[in-house]
Amino acid sequence: MGETITFWVLAVISVGAALGMVFNRKAVYSALMLGTVMLCLAVLYAVQEAPFLAAVQIIVYTGAVMMLFLFVLMLVGVDSSDSLVETLRGQRFWAIIAGLGFAALIVLAVGNAVFSTQAGLAAATAQGGYIRSIALLLFTKYVFAFEITSALLITAALGAMVLAHRERTEKKATQKDQSRARFAGDRPSPLPGPGTYARNNAIDMPALLPDGSVAESSVNRYIARYDVEQGLLPEDPKFAEAIKHRAEEESK
């Protein structure tokens, strides 16, 4: 009874997450939905007394592969404003063919599960435990499908590298060129960081320059405006005046 309830609850969640993965416009949300489907599969494996498959599903797929997907999405920078114009001729036709083929595979898989004779867990693991049985099936009967999956994963990784690659239109600036450009500009030294005032580290307190003057550029202009609006200026008039001046610069 408990196994049946678990199956139907996880089935609804996994199917809903799968639909959300397909129909969501944002790629990051789709990846998170895919992670939800993988977690549901891991729980189903555990319910079916297959702890090895459940652990592999969580560690390898949900942990490693999903993190790879998210890393590639952040690296490529997929935006919702990307162009949806087809750039490859005939891709819609081949997409329809691939969709029909996938639908046929789903129908065959469901038909095989419904109409075939159930072997049971004891018969499936009779060759020396579930780990040994999985290894024997993976590297004998399903070795071709296993190698094809490996090739697809390698192809996906190469595709991500191609998408992330950007052709450089100009020569890469060396450290020597960057130093020359910095000293030729208005500020040869880096921006001053937040200073320490009254023995407390505070990001809204200006730093002091070596001559004792106040470095107004060390205070973020948004924080300075907030301090002025909220009346959170320091008691020292020198620091208060620097923050006010910085807020006035932001409002221009």
Side-chain angles (χ1 to χ4, degrees), residues 14-15 17-46 48 50-79 82-113 116 119 124-125 127-167:
S14 58
V15 171
L19 293 176
M21 177 192 67
V22 174
F23 294 106
N24 207 308
R25 289 182 174 271
K26 294 187 177 181
V28 177
Y29 292 165
S30 296
L32 294 176
M33 291 294 179
L34 180 59
T36 303
V37 175
M38 291 182 177
L39 289 175
C40 292
L41 289 177
V43 177
L44 290 175
Y45 289 146
Q48 293 296 322
F52 176 75
L53 288 179
V56 170
Q57 182 72 29
I58 294 176
I59 297 173
V60 177
Y61 290 97
T62 310
V65 177
M66 281 306 306
M67 291 302 103
L68 177 62
F69 285 171
L70 293 176
F71 176 75
V72 170
L73 291 175
M74 291 185 292
L75 185 66
V76 176
V78 178
D79 191 4
D82 289 345
S83 176
L84 299 179
V85 178
E86 294 185 7
T87 57
L88 299 177
R89 292 183 178 180
Q91 65 175 357
R92 183 172 298 182
F93 170 76
W94 292 110
I96 294 174
I97 296 298
L100 292 175
F102 182 73
L105 289 177
I106 293 296
V107 172
L108 291 175
V110 173
N112 187 30
S116 63
T125 60
Q127 299 178 347
Y130 58 89
I131 298 179
R132 181 178 176 83
S133 301
I134 292 172
L136 288 174
L137 290 175
L138 194 62
F139 294 103
T140 55
K141 184 178 180 180
Y142 300 104
V143 64
F144 182 73
F146 178 74
E147 295 298 333
I148 290 296
T149 304
S150 303
L152 289 176
L153 290 176
I154 295 175
T155 305
L158 293 176
M161 294 173 60
V162 172
L163 290 175
H165 177 71
R166 294 291 183 271
E167 293 291 340

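Along the sequence shown, the residues carry numbers beginning at 1.
To the nearest 0.5 Å, atoms CG (Leu44) and CG (Leu53) are separated by 11.5 Å. Between Leu19 atom CG and Ser14 atom OG the span is 9.5 Å, to the nearest 0.5 Å. For the atom pair CG of Leu108 and CG of Asn112, the computed distance is 8.5 Å after rounding to the nearest 0.5 Å. Residue Gln57 holds its CD atom at 8.0 Å from CG of Leu39, rounded to the nearest 0.5 Å.
Looking at residues two or more places apart in sequence or on another chain, you find a side-chain contact (heavy atoms from CB on, under 4.5 Å) between Ser30 and Met21, Asn24. Legend: residues meeting ring pair (Phe, Tyr, Trp, His ring centres under 6.0 Å) with Tyr142, ordered by chain and number and at least two apart, are absent.
Across all non-hydrogen atoms, the minimal contact from Thr62 to Gly35 is CG2-O, 4.3 Å. Nearest heavy-atom pair, Ala42 versus Ala54, reported as atom, atom and distance to 0.1 Å: O-CB, 3.3 Å.
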